[in-house]
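Everything numeric in this text was worked out from a predicted model, so none of it was measured. We count ligands from 1, going down the list as the structure has it; atoms in each ligand are counted the same way.
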Amino acid sequence: MAFIELKQVSFFYPGKKEPVLNSVSHSFDKDGITAVVGPNGSGKTTLTKIMVGIAQPNSGEVFLDSLPLKKYSLAEIGRRIGYVFQNPSHQLFCTTVEEEIGFGLKHLGKEPEAVKKKVEFYLDYFELSVYKNVFPLRLSYGEKQRVAIAAVLANSPDFCILDEPTVGLDVYRKRLLENYLKKVVRLSSGLLIVSHDHNFVKRIADRVVRMENGQVQEVSG
Ligand SMILES: Nc1ncnc2c1ncn2[C@@H]1O[C@H](COP(=O)(O)OP(=O)(O)OP(=O)(O)O)[C@@H](O)[C@H]1O
Ligand SMILES: [Mg+2]
């Protein structure tokens, strides 16, 4: 069954002649990894923003678990769908890396000991332990990217959207991320990954869709 479904969704930015999405109908399941590819400015980020209710369609409707997305609050959507922004600086707001990774778990009411254990795991896996007391916005782009990804995955959302997650990561860290995302999917969380990185997409995606000229086309899967 579709987890996120777009039905005839159109979206325009004010003042632009061409729609970014032109009557797009597409479903995304809760299992497997879907990659969204397409040229710069084709609307990949806009598509993901519409999927999580940050942007609203001008016409058509988005459904989450068969219910119109607009019936959910942004907080409810956030509990079901993890979202890693294209620019990690847009989502980091805590005073330390440790706090950033534990923020969602603490907010979900998890026991402090359980939060600590999980945070330690993510710090270790994404090789961020040395930065645990550092102000996240002082880190390099790639380090910020790893913190942003860890902070979202730590909440174990049902579905996760990652917008260009490999930007700023070296080959070794891309492999670490790839292995971890494959594991996340096996543990029953669907993933949607926007990426320009052909090799990464080839290795990781079960399904590939391409955005161009306001349309989403199935490429494989
Ligand atoms: N806030 C905005 N206001 C007006 N136009 C916008 C806004 N955000 C994006 N756009 C325009 O909408 C189109 C789609 O942008 P979007 O960021 O969704 O593309 P993208 O495929 O994610 O691009 P990239 O590969 O560079 O990340 C582009 O033409 C962009 O200039
Ligand atoms: Mg984008």
Side-chain angles (χ1 to χ4, degrees), residues 4-28 33-64 69-70 74 77-78 81-93 137 140-153 157 159-170 173-174 177-178 181 190-221:
I4 303 176
E5 186 170 14
L6 279 73
K7 284 194 184 159
Q8 297 185 331
V9 168
S10 292
F11 181 88
F12 301 79
Y13 282 109
K16 295 252 165 128
K17 270 201 296 225
E18 298 298 326
V20 179
L21 299 178
N22 191 358
S23 195
V24 168
S25 296
H26 241 80
S27 306
F28 300 89
I33 301 182
T34 301
V36 180
V37 301
N40 282 126
S42 58
K44 304 178 299 295
T45 295
T46 305
L47 172 75
T48 63
K49 286 184 176 169
I50 286 176
M51 290 169 81
V52 294
I54 303 173
Q56 275 86 36
N58 295 89
S59 61
E61 180 113 49
V62 182
F63 295 85
L64 173 58
L69 193 65
K70 56 186 182 224
L74 275 181
I77 298 168
I81 309 176
Y83 188 84
V84 180
F85 283 76
Q86 183 162 4
N87 182 344
S89 303
H90 290 166
Q91 78 186 73
L92 303 173
F93 59 93
L137 292 174
S140 76
Y141 191 93
E143 289 155 358
K144 279 191 266 202
Q145 185 74 286
R146 278 146 57 205
V147 176
I149 293 169
V152 168
L153 294 179
F159 191 86
C160 200
I161 296 174
L162 300 104
D163 196 352
E164 302 286 0
T166 64
V167 174
L169 303 192
D170 58 33
R173 293 203 166 88
K174 270 189 218 177
L177 177 65
E178 176 187 329
L181 294 179
L191 295 177
L192 185 123
I193 299 174
V194 175
S195 185
H196 275 108
D197 190 329
H198 292 299
N199 289 330
F200 185 73
V201 167
K202 217 150 97 194
R203 287 199 305 268
I204 206 169
D206 302 303
R207 175 187 175 202
V208 180
V209 299
R210 181 177 173 82
M211 282 213 67
E212 201 155 16
N213 303 322
Q215 300 294 320
V216 179
Q217 304 286 353
E218 209 72 34
V219 177
S220 68

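The cationic group of K174 does not satisfy the cation-pi geometry with F200, failing either the under 6.0 Å distance to the six-membered ring centre or the 45° limit from the ring axis. In this structure, R207 is positioned above the aromatic face of F28, its NZ or CZ under 6.0 Å from the six-membered ring centre and within 45° of the axis.
In this structure, S42 is part of the shell of residues with a heavy atom less than 4.0 angstrom from ligand 1. Heavy-atom separations between P14 and ligand 1 are all 4.0 Å or longer.
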Step by step, would you call E212 with R210 a salt bridge (charged side-chain N to carboxylate O under 4.0 Å, His left out)? CA-CA 7 Å; E212 201 155 16; R210 181 177 173 82; 3.2 Å; yes
Side chain to side chain donor-acceptor pair (under 3.5 Å) between S89 and Y141: does it pass, once the steps are laid out? CA-CA 8 Å; S89 303; Y141 191 93; over 6 Å; no
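When the shell of 6.0 Å around CD of Q8 is examined, it contains 12 or fewer heavy atoms from other residues, nucleotides or ligands.
No side-chain donor from either of N58 and S10 sits under 3.5 Å from a side-chain acceptor of the other.
Distance alone, capped at 3.5 Å, places no donor-acceptor pair between the Q86 side chain and the L162 backbone. K44 places no side-chain N or O within 3.5 Å of a backbone atom of S195 that could act as its donor or acceptor partner. Between the side chain of D206 and the backbone N or O of I33 there is at least one donor-acceptor pair closer than 3.5 Å.
Nearest protein heavy-atom contact of atom 23 (O) of ligand 1 is G41 N, 2.9 Å. Looking only at protein heavy atoms, the nearest one to atom 9 (C) of ligand 1 is Y13 CE1, 3.4 Å. The protein atom (non-hydrogen) at minimum distance from atom 25 (O) of ligand 1 is K44 NZ, 2.7 Å. For atom 26 (O) of ligand 1, the closest non-hydrogen atom on the protein side is N40 ND2, 3.0 Å. Given atom 31 (O) of ligand 1, the protein heavy atom at minimum distance is K16 NZ, 3.4 Å. Distance from atom 17 (O) of ligand 1 to its nearest protein heavy atom, with residue and atom name: T45 CB, 3.8 Å. For atom 19 (O) of ligand 1, the closest heavy atom belonging to the protein is G43 N, 3.2 Å.
Both the backbone and the side chain of T46 come within 4.0 Å of ligand 1, judged by heavy-atom distances. Counting heavy atoms closer than 4.0 Å to ligand 1, residue M211 contributes nothing at all.
Less than 4.0 angstrom separates some heavy atom of H196 from each of these atoms of ligand 1: 25 (O). Near P39, meaning under 4.0 Å from any of its heavy atoms, are these atoms of ligand 1: 21 (O). The contact set between ligand 1 and Q86, taken as ligand atoms under 4.0 Å from a residue heavy atom, comprises 27 (O).
Within the 2.8 Å limit, T45 places at least one N, O or S atom next to the Mg ion (ligand 2). Among the backbone and side-chain atoms of N40, none of the N, O or S atoms lies under 2.8 Å from the Mg ion (ligand 2).
Each of E218, K7, Q215 was checked for a side chain to side chain donor-acceptor pair (under 3.5 Å) with H26, and the lone residue meeting it is E218.
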